[in-house]
Amino acid sequence: MDIGFAQDMSVHHEQAVLLARTLPGDTGPQIRGVAERIVLAQTAEIAQMRGWLQPFDLPLSSDQPMHWMGHEHSGHGAPMPGLASTAEIAQLAGLHGTAAEVLFLQLMIRHHRGGVAMAQAAFNTGSAPAVTRAALEMVDEQGNEIGEMTALLTARQGQPLPFP
């Protein structure tokens, strides 16, 4: 379980970093600040989780995403909860101004909700203290960011995307 979490959450975090870096240059300072904090925090967490895997020569990603949570990935749809599709990332890359901010917030809120679900499962079932501690920190950090991003989205008359 701990290995699967470290592999899958690293991949999940990579997409959060990609989303944050996809924002156009005309993004306002509030959204840019959120994006920069996400890049910094999640890049550090990726390094931490990969650091758990490398001494044992374990692969950095799983060939069975979410198997550790009891999910069987059929190859259809997102392999992990909250991931943005390629089309959504392309759409974000093509937007500017408030439209880009709204879509970024929508995608990142959904993304973080998926990350919180994964981290909560790791906290509940993990065996290594370092993993359960990191998972709990992720639940707290991403939960706080969801609140902040929801307020920013509301201020821009946007609505969160559905989360399965």
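Only this structure's heavy atoms are used, side chains among them; waters, hydrogens and symmetry mates stay out.
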Notebook entry, point to check: Does the side-chain contact (heavy atoms from CB on, under 4.5 Å) test come out yes or no for Val17 and Ile38, once each step is laid out?
Noted result: CA-CA 7 Å; Val17 171; Ile38 288 169; 5.6 Å; no
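Under the side-chain contact (heavy atoms from CB on, under 4.5 Å) rule, His12 has a single partner from Gln7, His112, Met66, His111, which is His111. Partner of Arg37 under the side-chain hydrogen bond (donor to acceptor under 3.5 Å, both in side chains) criterion, chosen from Glu141, Glu148, Glu145: Glu148.
Under a 3.5 Å cut-off, the side chain of Thr43 and the backbone N or O of Leu40 do not form any donor-acceptor pair.
Heavy atoms of other residues, nucleotides or ligands lying less than 6.0 angstrom from CD of Gln30 number 12 at most. Under a cut-off of 6.0 angstrom, the local environment of CG in Leu53 is crowded, with over 12 non-hydrogen atoms contributed by other residues, nucleotides or ligands.
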Using a 3.5 Å cut-off and no angle test, enumerate the donor-acceptor pairs between side-chain atoms of residues 95-107 and protein atoms at least two apart in sequence or in another chain.
from: Glu101; atom 1: OE1; to: Arg156; atom 2: NE; distance (Å): 2.7
from: Glu101; atom 1: OE2; to: Gly28; atom 2: N; distance (Å): 2.7
from: Gln106; atom 1: NE2; to: Gln159; atom 2: O; distance (Å): 2.8

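The aromatic rings of Trp68 and Phe5 sit perpendicular to each other, their planes meeting at more than 60°, with 30° as the lower class boundary.
Residue pairs that meet the side-chain hydrogen bond (donor to acceptor under 3.5 Å, both in side chains) test with at least one member in residues 54-63, sequence neighbours left out, do not exist here.
In this structure, the separation between CE on Met49 and CD on Gln42 is 8.0 Å, given to the nearest 0.5 Å. Of the inter-residue distances, the one linking Ile109 atom CD1 with Phe163 atom CZ reads 12.5 Å to the nearest 0.5 angstrom.
Under the 4.5 Å side-chain heavy-atom criterion for grouping Ile, Leu, Val, Met, Phe, Trp and Tyr, Leu161 is connected to Leu92 within one hydrophobic cluster.
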